[in-house]
There are 8 protein chains.
Amino acid sequence: MDRDQLKTLLEDVRSGASTIDDAIERFRHLPFERLPYATLDHHRAIRVGMPEVIFGKGKTPEQIAGIAERLLERSPNMLATRVAREAADLVQSKIPDAEFFPLSGALRVWRDRTPQGKGTLAVISAGTTDLPVAEEAVITAEIMGNEVVQVHDVGVAGIHRLFGSFDIIKQARVIVVCAGMEGALPSAVGGLVSCPVIAVPTSVGYGASFHGLAALLGMLNSCASNVSVVNIDNGFGGGYVASLINRL
Amino acid sequence: MDRDQLKTLLEDVRSGASTIDDAIERFRHLPFERLPYATLDHHRAIRVGMPEVIFGKGKTPEQIAGIAERLLERSPNMLATRVAREAADLVQSKIPDAEFFPLSGALRVWRDRTPQGKGTLAVISAGTTDLPVAEEAVITAEIMGNEVVQVHDVGVAGIHRLFGSFDIIKQARVIVVCAGMEGALPSAVGGLVSCPVIAVPTSVGYGASFHGLAALLGMLNSCASNVSVVNIDNGFGGGYVASLINRL
Amino acid sequence: MDRDQLKTLLEDVRSGASTIDDAIERFRHLPFERLPYATLDHHRAIRVGMPEVIFGKGKTPEQIAGIAERLLERSPNMLATRVAREAADLVQSKIPDAEFFPLSGALRVWRDRTPQGKGTLAVISAGTTDLPVAEEAVITAEIMGNEVVQVHDVGVAGIHRLFGSFDIIKQARVIVVCAGMEGALPSAVGGLVSCPVIAVPTSVGYGASFHGLAALLGMLNSCASNVSVVNIDNGFGGGYVASLINRL
Amino acid sequence: MDRDQLKTLLEDVRSGASTIDDAIERFRHLPFERLPYATLDHHRAIRVGMPEVIFGKGKTPEQIAGIAERLLERSPNMLATRVAREAADLVQSKIPDAEFFPLSGALRVWRDRTPQGKGTLAVISAGTTDLPVAEEAVITAEIMGNEVVQVHDVGVAGIHRLFGSFDIIKQARVIVVCAGMEGALPSAVGGLVSCPVIAVPTSVGYGASFHGLAALLGMLNSCASNVSVVNIDNGFGGGYVASLINRL
Amino acid sequence: MDRDQLKTLLEDVRSGASTIDDAIERFRHLPFERLPYATLDHHRAIRVGMPEVIFGKGKTPEQIAGIAERLLERSPNMLATRVAREAADLVQSKIPDAEFFPLSGALRVWRDRTPQGKGTLAVISAGTTDLPVAEEAVITAEIMGNEVVQVHDVGVAGIHRLFGSFDIIKQARVIVVCAGMEGALPSAVGGLVSCPVIAVPTSVGYGASFHGLAALLGMLNSCASNVSVVNIDNGFGGGYVASLINRL
Amino acid sequence: MDRDQLKTLLEDVRSGASTIDDAIERFRHLPFERLPYATLDHHRAIRVGMPEVIFGKGKTPEQIAGIAERLLERSPNMLATRVAREAADLVQSKIPDAEFFPLSGALRVWRDRTPQGKGTLAVISAGTTDLPVAEEAVITAEIMGNEVVQVHDVGVAGIHRLFGSFDIIKQARVIVVCAGMEGALPSAVGGLVSCPVIAVPTSVGYGASFHGLAALLGMLNSCASNVSVVNIDNGFGGGYVASLINRL
Amino acid sequence: MDRDQLKTLLEDVRSGASTIDDAIERFRHLPFERLPYATLDHHRAIRVGMPEVIFGKGKTPEQIAGIAERLLERSPNMLATRVAREAADLVQSKIPDAEFFPLSGALRVWRDRTPQGKGTLAVISAGTTDLPVAEEAVITAEIMGNEVVQVHDVGVAGIHRLFGSFDIIKQARVIVVCAGMEGALPSAVGGLVSCPVIAVPTSVGYGASFHGLAALLGMLNSCASNVSVVNIDNGFGGGYVASLINRL
Amino acid sequence: MDRDQLKTLLEDVRSGASTIDDAIERFRHLPFERLPYATLDHHRAIRVGMPEVIFGKGKTPEQIAGIAERLLERSPNMLATRVAREAADLVQSKIPDAEFFPLSGALRVWRDRTPQGKGTLAVISAGTTDLPVAEEAVITAEIMGNEVVQVHDVGVAGIHRLFGSFDIIKQARVIVVCAGMEGALPSAVGGLVSCPVIAVPTSVGYGASFHGLAALLGMLNSCASNVSVVNIDNGFGGGYVASLINRL
């Protein structure tokens with residue numbers, strides 16, 4: 001219930017078109033529980049340029065296709081993550097302009113490509129095995145209207161490539177860094193720049209990496225104060241937070 | 001090697017005082033390690049308006065006072081965190097305008113109060129026992145030039161206070177949320193706003209909170225995509241990341 | 001040994017049909033170990049309206065079918081959980097009115113549908129991937145004689161749906177809430193109602209959800225005092241405890 | 001804002017005592033954020049007979065005394081947990097009828113002793129070192145209007161005492177069981193009764209009890225389906241949940 | 001209710017001094033819950049030569065002294081573990097022949113020294129810092145009637161001392177091995193002998209010993225098949241299990 | 001034995017003061033560090049009636065068959081654990097009297113069935129899903145010459161069956177108890193008997209059982225002092241330790 | 001920027017083709033980040049005799065083959081670890097002298113076999129199931145120019161074999177020890193020799209080995225001071241560190 | 001060496017075919033299992049220049065002083081770690097040339113200062129709070145005869161200092177790196193040099209550093225292959241391993 005609806009209701013009360021008891025009942029049933037949240041939710045979608053995202057894992061191909069079609073009825077763009085090939089095929093048979101990215105399992109319909117970020121958003125990854133997570137971040141940042149620059153495979157063994165890309169990196173307004181194993185890359189990047197760094201630990205590694213725990217703890221304990229962290233393998237989250245920052 | 005030393009070296013090359021091979025050798029041994037980083041570090045300090053911060057835990061009062069004095073020689077402002085009363089007394093005896101905040105143990109010299117943030121920065125905490133962490137975030141954000149608004153004690157038991165402060169919250173450009181126990185507040189806040197939310201888990205709680213682990217995991221797994229997380233009890237980190245975002 | 005057997009024994013003592021030493025011997029070998037527990041167990045089955053439940057995981061189709069048939073000899077209803085399709089097929093070939101629920105793997109024979117709950121029992125889930133666990137809770141609550149209302153997909157991203165269903169929720173006498181990831185939904189629900197809430201953490205999530213650990217810790221640390229917790233993915237347990245409460 | 005206040009406001013609109021714009025403004029500042037929750041919160045307090053509880057840990061004596069006095073202005077009863085002796089002394093100097101329980105650190109003002117439970121509520125503990133947690137549960141259950149029966153020191157080494165108290169236990173409508181170390185007592189009790197059992201793991205133990213983790217995991221994995229669990233050492237939570245159940 | 005009481009009750013039935021209904025009632029209230037367990041418990045005490053042991057941690061000096069006096073009324077021997085100096089002083093003021101062992105905090109009254117073990121019981125420790133735990137094992141084994149031989153400080157750094165004591169070790173019927181840090185000593189001992197080895201991990205160590213977790217896991221994963229394990233720092237348990245084995 | 005002792009011994013051999021056989025004997029008994037290992041190992045095999053056991057997991061069928069054949073050349077009996085069906089088939093094609101137990105994956109050649117235990121050895125399990133581990137314990141205990149009695153499916157839900165088998169249990173000289181989930185059965189059994197109890201946690205369960213961790217911690221924290229523990233799912237270890245005890 | 005580019009730049013300075021300010025600017029933007037690291041990296045490859053190693057896990061056969069071919073263009077030797085059979089087939093079809101080791105999944109091209117180690121390097125493993133990890137260490141050490149001696153299957157059950165190989169072991173300049181389960185072998189070896197021991201925990205084991213955690217913790221807590229540790233299953237790392245040491 | 005070989009050897013001694021010295025030599029080299037331990041231990045002490053080290057934690061001042069005096073009777077040097085001030089005072093009152101280092105709690109008697117390392121050994125630490133651990137490493141390396149260079153306070157915030165000391169670092173034959181928090185410094189150092197790096201995680205940090213676990217995991221997962229790791233806070237171990245390497 002927005003201001004206009006509220007005004008109408010109050011005018012109805014004043015004019016007698018609505019009894020006071022009716023008005024109370026309408027307040028009791030509609031307002032706070034339903035309206036504000038839904039409204040707010042709706043407003044957010046419009047402002048952010050991004051409706052609900054489909055988390056594909058654990059959903060059937062039919063469910064994913066159904067939700068995708070419903071979302072596209074009220075939004076030009078759509079993103080689904082962690083989608084299996086089989087589900088992607090079904091969606092693409094119904095929505096021909098849906099792109100599928102098999103590395104990350106992302107599925108994207110990207111019709112409205114209005115730029116929304118104020119500057120470039122960089123996505124950096126430590127090794128080739130971190131690419132699926134980085135790709136998810138890139139795809140998310142793109143559909144949210146950002147110009148994305150990418151630097152990959154710049155872990156400790158190839159740190160000179162990071163320095164070789166320093167000009168690109170230092171112009172970014174916000175940086176997403178994806179790394180597994182020890183997770184030290186966000187600290188290295190964070191020490192070089194003064195913009196916010198979103199660290200995405202990946203489950204890449206073996207043994208005492210404990211499926212990304214080592215990288216996660218490393219990033220949380222980063223000596224670089226400009227680093228904040230999202231969940232393990234959460235490339236989507238990294239891209240999303242960075243996109244919000246780049247719109248400011 | 002600073003700019004002057006580099007200039008001298010190049011002038012030596014031009015004048016023939018140094019052969020090219022000698023110059024290459026001097027480059028190979030000295031330059032890159034030292035100059036660029038120090039320079040960059042220096043630039044960052046100026047640009048960010050915040051030199052190195054002193055982490056007071058594990059340092060003697062004498063060490064803290066000594067570092068504080070050195071830092072103030074080249075910077076108008078100074079921040080130290082986790083400082084014991086005894087150390088604060090020593091610093092204040094030498095630097096009369098140093099403020100001490102016993103709740104969080106922060107110690108601040110705040111001479112240059114030039115605003116640097118573009119909008120308001122909100123710091124929200126779940127319970128009164130989260131206040132020390134929230135205070136650290138507030139003090140950090142203030143010394144970094146932000147207008148800070150605060151909302152406290154708005155955990156689940158008092159969630160109506162969060163709604164009561166909704167007007168304030170929704171105007172913030174970036175929000176820091178400090179919460180212990182289950183750590184659900186950042187998700188609740190993140191679901192209401194569209195700006196970035198920096199979540200700071202606190203070690204408040206008992207039993208299966210495992211010194212903040214429950215809050216940390218809860219925040220990392222937040223359903224709200226605009227949430228990123230810093231270390232447990234790291235109010236400084238939360239305030240720092242939020243300040244960088246508010247400058248964009 | 002029930003009251004009648006005990007009476008007979010004592011009469012034998014009085015009449016001399018049994019010597020005192022014989023009676024002592026019979027007490028020493030039989031009575032306490034066997035009788036009270038079995039009796040009590042039997043009584044409980046009748047009173048609770050629910051005999052032993054079959055935990056299907058790790059049992060062969062033949063074992064499950066065999067136990068199911070034996071249980072149905074002395075009870076009208078039967079429930080098996082975590083049953084594979086193959087085992088369900090075998091049981092259904094022998095017991096035609098057995099229903100199979102492939103989402104949760106529950107297998108149910110529900111012949112006696114006498115209501116036993118005093119009010120409605122609500123089962124709420126946070127996301128579509130939590131549905132298998134929620135379904136297990138619903139099926140358990142139904143076979144235990146409850147009128148069950150369901151509200152699904154009301155996590156943070158869709159919290160307005162929770163408010164939209166508030167009228168339903170607030171009429172429940174007891175609520176089961178299933179949620180993975182950060183596990184914050186039970187706190188949100190618990191803060192809205194004054195009835196007992198049984199929280200069921202699910203293993204839904206990835207990365208630092210650690211197979212439900214994050215949700216479990218979040219729920220155990222809930223700020224809402226009316227929340228108690230059962231094992232991860234234990235929809236059966238949630239439904240069972242809630243059913244006992246709804247009979248009071 | 002309750003129904004009466006809303007009615008008054010609407011009548012003011014109708015009568016012209018309030019302009020529509022004024023009314024909108026009053027709605028915008030007060031209504032949805034504040035009214036529904038506050039009302040609900042207020043209603044809950046009256047219905048549950050228990051306003052907010054003070055969690056004393058991490059609060060100063062002055063804070064505790066201040067909150068206690070405010071709470072008692074609008075409620076006859078007050079409960080604070082984890083209160084240090086020093087804080088209790090201060091509160092008792094201001095509120096003479098405040099009782100302090102040093103074992104658990106509970107502090108209680110119990111003026112309205114109207115029974116609210118439908119039957120007896122049993123609190124059982126495994127060993128003498130579990131008594132502080134059990135006491136917190138007992139005090140909570142009492143102030144919430146329950147008739148509480150207690151059985152203590154009935155761990156494995158003294159399980160016969162449990163059986164000796166079986167008559168008492170089996171008459172309870174709901175049972176709180178506090179146990180540390182291996183945490184097996186709730187299963188033992190749960191297997192004997194058909195009512196709900198709220199298990200409270202305690203941090204009692206050493207070595208591989210890991211501050212209550214062993215007991216917590218044991219209880220979550222209980223073979224007895226009528227057991228649900230609250231946080232380690234959370235006697236308050238156990239007593240609270242059990243009280244809600246006993247009111248049904 | 002022991003055999004004599006049962007006999008009396010049955011004689012009353014026979015003689016008519018008790019009606020059958022009275023007898024049933026007396027059975028219903030007393031017998032099974034109380035008698036068998038208590039009897040069994042009592043029998044065990046006599047057979048094992050060891051009544052209940054007092055776990056001193058978390059008990060007041062007065063509680064410990066009170067329990068000790070009650071236990072000594074029906075048993076010649078008494079053992080308390082983890083007793084603070086202050087409590088020991090109080091007990092010794094009342095029971096002059098109580099021995100206090102400050103290293104382990106054990107407190108012992110040892111009046112009946114009848115040998116009960118069939119052979120020697122060896123207690124081995126890895127380092128001097130493991131001595132408190134080893135002492136608790138030795139004291140327990142002694143009061144349970146065993147001839148105890150001790151070998152200390154035979155960790156990896158001094159493994160030759162283990163071999164130097166090999167003659168002693170190989171004659172033991174059962175061995176208790178206490179070790180912290182990596183916990184490898186039980187495997188080394190277990191590989192040399194064919195008798196049962198009870199491993200007691202100690203919390204000695206630092207860093208990644210995680211308060212005995214490393215030693216515990218090492219012992220549980222021992223390649224030597226004759227090793228079983230008790231809780232961290234549980235010297236009492238190690239001595240107790242070994243004593244039972246040595247009586248066979 | 002240092003260099004001087006060695007020299008003296010050799011001089012005695014040369015001078016005839018010691019016969020060669022005497023010298024060999026002195027070597028065999030004293031010089032602890034020496035050849036003994038092999039010898040001792042050999043002696044142990046003969047004495048214990050059990051040579052090396054094959055741990056089948058991670059070994060190829062050919063490796064298992066090869067080792068089995070070599071072992072049977074110097075021993076009448078052979079045991080392999082965790083053997084896949086395919087490997088068992090290969091072994092049985094070469095060793096026709098090899099028995100395969102598909103539940104546990106044990107493979108046994110049992111030619112010498114001389115009894116070696118002094119009494120009966122009981123193996124108890126909590127649920128049908130614990131049977132594979134229990135079977136491994138039974139097969140191990142049998143091949144080591146024990147008379148084994150078995151009681152299965154006596155967890156909390158069927159604890160009366162434990163009491164119904166009490167006569168059998170109380171006659172055992174040593175008991176192996178296998179249980180998953182909360183792992184409370186060893187405590188229950190340990191509280192009823194005075195003989196040693198070897199607890200084997202199993203990985204049966206789900207959610208917060210964490211693959212047997214809950215059961216393991218529960219057993220390590222057992223209130224019953226006669227319980228010691230082996231590794232999760234280590235039925236072999238439980239049977240082995242119990243067999244050694246039963247030979248004493 | 002390599003040496004030639006630097007030379008050109010300096011010659012431009014000398015010749016006046018570049019002003020000093022221009023040169024400074026070019027230094028500021030390009031030089032340090034790129035040149036020194038690349039150079040250093042290149043130098044390291046030559047000096048260490050080992051270019052980048054391919055971590056095969058998570059890479060497609062095509063990726064592995066492509067990287068392998070590129071690496072062999074500038075280096076005679078190549079090593080890939082964790083390579084699947086399918087990828088190995090593809091590489092071997094293109095590079096016929098590539099050896100594949102299916103046990104460990106290592107793939108090696110070894111054309112330059114110049115010895116580089118100063119002495120022998122020993123690789124010891126505890127059981128046959130540790131062989132894959134040990135093989136990876138051996139292959140790494142060989143391609144890095146070491147003479148490798150191997151001792152396998154010398155865990156506690158066969159410790160005499162360790163002593164039987166003592167002559168070999170004690171001549172090694174550095175030792176790699178691979179062990180799972182309890183991980184005690186590095187301590188045993190470390191106590192016998194005075195050279196550095198590199199411990200490699202393996203994920204061999206079950207139950208409370210927790211995929212190598214028990215072995216890892218055991219090794220980190222080793223009483224033998226000459227032991228340092230690499231990641232679980234990291235045979236490559238063990239062989240690499242040992243090779244560097246053997247070159248000193 | 002089996003019985004036959006032993007017999008042959010002894011017969012050779014008797015017949016004079018072997019001299020006694022030859023026989024002793026054959027015993028010394030072959031009979032692996034033999035007396036060696038003590039001897040070898042002795043040899044190692046002489047060769048390594050370092051007898052047993054006293055681990056002071058958990059030892060009384062009297063114990064430490066007693067052991068120190070005994071060790072100094074057979075060795076010119078002595079080292080004790082984790083010694084409290086009180087114990088140091090007692091030792092210094094008896095051994096006036098004992099140095100005490102309060103930061104690390106090390107206590108050293110350093111009479112024989114013969115160099116034993118082949119090159120310089122570097123000890124690097126990340127922050128001032130890592131100094132106690134670094135100091136322990138330095139003191140250990142010095143008493144073992146190494147020339148030690150130190151670089152401190154070179155974590156991410158001050159990484160330029162690392163580069164500024166690059167000339168020193170790159171000349172080291174082996175490097176010990178001490179770091180807490182995220183533990184990334186060993187990777188950074190390891191990527192710059194080609195010599196072995198011994199990483200010592202420290203318990204410095206807060207929150208999710210979990211007392212050094214984050215640093216430990218980070219170091220174990222280091223991308224730099226020349227890094228191996230010792231226990232948390234184990235400066236002694238780091239210095240010891242590095243010293244052995246520097247002697248090669």
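Convention: sequence-line order gives letters A, B, ...; per-chain numbering from 1.
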Query raised in the report: How long is the gap from SG on C195(B) to CG on L248(A), to the nearest 0.5 Å?
Result: 8.0 Å

Requested in this report: Name all residues meeting the side chain to side chain contact (heavy atoms under 4.5 Å, CB included) criterion together with A141(A); count only those two or more places apart in sequence or in a different chain, and write none if there are none.
Outcome: L121(A), N146(A), V148(A), S243(A)

Query - Winner by heavy-atom pair count (cut-off under 4.5 Å) against chain B, out of I232(A), V229(A), V241(A) - result: V229(A)

Query - Contacts of type ring-ring contact (aromatic ring centres under 6.0 Å, His included), residue F55(A), not counting sequence neighbours - result: Y206(C)

Query - Interface moiety of L217(B) toward chain A, non-hydrogen atoms closer than 4.5 Å - result: neither

Query raised in the report: Relative to chain A, which segment of V227(B) carries a heavy atom at a distance below 4.5 Å: side chain, backbone, both, or neither?
Result: backbone

Query - Among the listed options V230(A), N234(A), N246(A), the residue most often paired with chain B at heavy-atom distances under 4.5 Å - result: V230(A)

Query raised in the report: What closest approach, in Å, do S225(A) and F236(B) show between heavy atoms, and which atom pair accounts for it?
Result: OG-CE2, 3.3 Å

Query raised in the report: When rounded to the nearest 0.5 angstrom, what distance separates CG in L220(A) from CG in N231(B)?
Result: 5.5 Å

Query raised in the report: If you look at every heavy atom in L244(B) and N226(A), which pair is closest and at what distance?
Result: CD1-CB, 3.2 Å

